[in-house]
Amino acid sequence: MDNTEKQLHSQLIFDGKVLHLYRDDILLPDGKTGFREYCKHIGAVCIVPITDEGEVVCVKQYRYAHRKTVLEIPAGKLDFPDEDPASAALRELREETGATCKDLTYLGPLYTTPALIDEVIHMYMAQGLNFGETDFDEDEFIETVKIPLEQLVADICQGLVPDAKTQAAVLRAAYAIKERA
């Protein structure tokens with residue numbers, strides 16, 4: 001069964017710095033028409049930095065939309081549409097944690113909210129870390145913390161880490177490490 005929805009008309013409703021809101025008229029698979037509202041996003045990366053001691057370098061950052069400080073792994077948006085996600089991951093790792101890495105492993109894509117936004121976050125694991133100076137963006141206020149991987153996995157499974165990218169990437173990294181053993 002082909003359940004593809006076909007775009008008939010697209011209208012840009014809001015054109016922001018990060019989000020671009022559209023309303024599209026569509027043709028449904030049954031021949032009827034409908035509409036979809038969605039945001040376009042340039043894309044992003046996130047990194048699970050794991051120290052030689054088995055700790056994940058996380059960041060605590062105030063997230064205005066939720067009005068609270070959230071524990072997350074380092075992440076950031078791509079600087080331009082065709083930016084290589086691995087290069088962006090290395091940049092964000094250095095900016096937010098001060099680290100460079102010897103090994104960068106791709107963990108796959110994450111569709112954050114596929115009904116509402118086309119954002120794809122490319123997930124990575126970084127190992128063989130060397131630490132230097134951070135380089136936060138002008139509007140970033142970040143605290144870094146190190147949490148043992150096993151503890152972070154337990155915290156995720158107990159519902160203590162609500163950030164989706166952190167949940168998905170940390171669980172994939174833990175699985176990848178277990179499979180290598």
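Given the structure is predicted, the values throughout are model-derived calculations rather than measurements.
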Practice item. Output all residues satisfying side chain to side chain donor-acceptor pair (under 3.5 Å) with Glu5, sequence neighbours left out; order by chain, then residue number. Key: Arg36
Exercise for review: Is it possible for you to check whether Lys146 lies under 6.0 Å from the centre of the six-membered ring of Phe131, through NZ or CZ, and within 45° of that ring's axis?
Suggested key: yes
Exercise for review: For Thr134, enumerate each residue passing the side chain to side chain donor-acceptor pair (under 3.5 Å) test, keeping only those at least two apart in sequence or located in another chain.
Suggested key: none
Point to revise | Contacts of Gln151 that satisfy side chain to side chain donor-acceptor pair (under 3.5 Å) - sequence neighbours left out | key: Asp155
Study note, to complete from the structure: Cys39 and Leu19 have their tightest heavy-atom pair at CB-CD2, 4.3 Å
Practice item. Using the ring pair (Phe, Tyr, Trp, His ring centres under 6.0 Å) rule, collect all pairs that involve residues 23-79, keeping only residues at least two apart or in two chains. Key: Tyr22-Tyr38
Check your understanding: How many angstroms lie between atom CG of Leu21 and atom CD of Gln11, to the nearest 0.5 angstrom?
Key -> 9.5 Å
Study note, to complete from the structure: Taken in chain and number order and not counting sequence neighbours, the residues that satisfy side chain to side chain donor-acceptor pair (under 3.5 Å) with Asp15 are His20
Practice item. Tell me, please, which residues at least two apart from Lys60 pass side chain to side chain contact (heavy atoms under 4.5 Å, CB included). Key: Thr69, Leu71, Glu143, Val145
Between side-chain atoms of residues 158-168 and protein atoms elsewhere (two or more places apart, or another chain), which donor-acceptor pairs fall under 3.5 Å?
{"from": "Asp163", "atom 1": "OD1", "to": "Lys165", "atom 2": "NZ", "distance (Å)": "3.1"}
{"from": "Asp163", "atom 1": "OD2", "to": "Lys165", "atom 2": "NZ", "distance (Å)": "3.0"}
{"from": "Asp163", "atom 1": "OD2", "to": "Thr166", "atom 2": "N", "distance (Å)": "3.1"}
{"from": "Asp163", "atom 1": "OD2", "to": "Thr166", "atom 2": "OG1", "distance (Å)": "2.6"}
{"from": "Lys165", "atom 1": "NZ", "to": "Glu72", "atom 2": "OE1", "distance (Å)": "2.6"}
{"from": "Thr166", "atom 1": "OG1", "to": "Ile73", "atom 2": "N", "distance (Å)": "3.0"}
{"from": "Gln167", "atom 1": "NE2", "to": "Val161", "atom 2": "O", "distance (Å)": "2.6"}

Practice item. Measure the CE-CG distance between Met123 and Leu171 for me, rounded to the nearest 0.5 Å. Key: 10.0 Å
Review point. Hey, does Tyr124 have a side-chain heavy atom less than 4.5 Å from the side chain of Pro85?
Key: yes
Exercise for review: Without swapping roles, check the side chain of Asp24 against the backbone of Ile26 for a donor-acceptor pair under 3.5 Å.
Suggested key: no
Practice item. Measure the OG1-CG distance between Thr4 and Leu28 for me, rounded to the nearest 0.5 Å. Key: 11.5 Å
Exercise for review: Apply salt bridge (charged side-chain N to carboxylate O under 4.0 Å, His left out) to Asp25 and list each qualifying residue two or more places apart in sequence or on a separate chain.
Suggested key: Arg23
For residues 42-58, dump all side-chain donor-acceptor pairs below 3.5 Å to protein atoms at least two apart in sequence or in another chain.
{"from": "Thr51", "atom 1": "OG1", "to": "Glu53", "atom 2": "N", "distance (Å)": "3.3"}
{"from": "Thr51", "atom 1": "OG1", "to": "Glu53", "atom 2": "OE1", "distance (Å)": "3.4"}
{"from": "Thr51", "atom 1": "OG1", "to": "Gly54", "atom 2": "N", "distance (Å)": "3.4"}
{"from": "Thr51", "atom 1": "OG1", "to": "Glu55", "atom 2": "N", "distance (Å)": "3.0"}
{"from": "Thr51", "atom 1": "OG1", "to": "Glu55", "atom 2": "O", "distance (Å)": "3.4"}

Study note, to complete from the structure: Those residues at least two apart in sequence (or on a different chain) that pass salt bridge (charged side-chain N to carboxylate O under 4.0 Å, His left out) with Glu37 are none
Review point. Passes side chain to side chain contact (heavy atoms under 4.5 Å, CB included), Val153 versus Val170? Steps please.
Key: CA-CA 7 Å; Val153 168; Val170 167; 4.0 Å; yes
Indicate every side-chain donor-acceptor pair of residues 89-101 with a distance under 3.5 Å to a residue at least two apart or in another chain.
{"from": "Arg91", "atom 1": "NH1", "to": "Asp79", "atom 2": "OD2", "distance (Å)": "3.2"}
{"from": "Arg91", "atom 1": "NH1", "to": "Glu83", "atom 2": "OE1", "distance (Å)": "3.4"}
{"from": "Arg91", "atom 1": "NH1", "to": "Glu83", "atom 2": "OE2", "distance (Å)": "2.3"}
{"from": "Arg91", "atom 1": "NH2", "to": "Lys77", "atom 2": "O", "distance (Å)": "3.2"}
{"from": "Glu96", "atom 1": "OE1", "to": "Ala75", "atom 2": "N", "distance (Å)": "3.3"}
{"from": "Thr97", "atom 1": "OG1", "to": "Leu93", "atom 2": "O", "distance (Å)": "2.6"}
{"from": "Thr97", "atom 1": "OG1", "to": "Ala99", "atom 2": "N", "distance (Å)": "3.2"}

Check residues 103-116 and write down every donor-acceptor pair under 3.5 Å in which the side-chain atom is one partner and the other belongs to a residue at least two apart or another chain.
{"from": "Thr105", "atom 1": "OG1", "to": "Arg180", "atom 2": "NH2", "distance (Å)": "3.2"}
{"from": "Tyr106", "atom 1": "OH", "to": "His122", "atom 2": "ND1", "distance (Å)": "2.9"}
{"from": "Thr112", "atom 1": "OG1", "to": "Glu119", "atom 2": "OE1", "distance (Å)": "3.1"}

Exercise for review: Identify the heavy atoms of Asp118 and Lys40 that sit nearest to each other, and give their distance.
Suggested key: OD1-CA, 3.1 Å
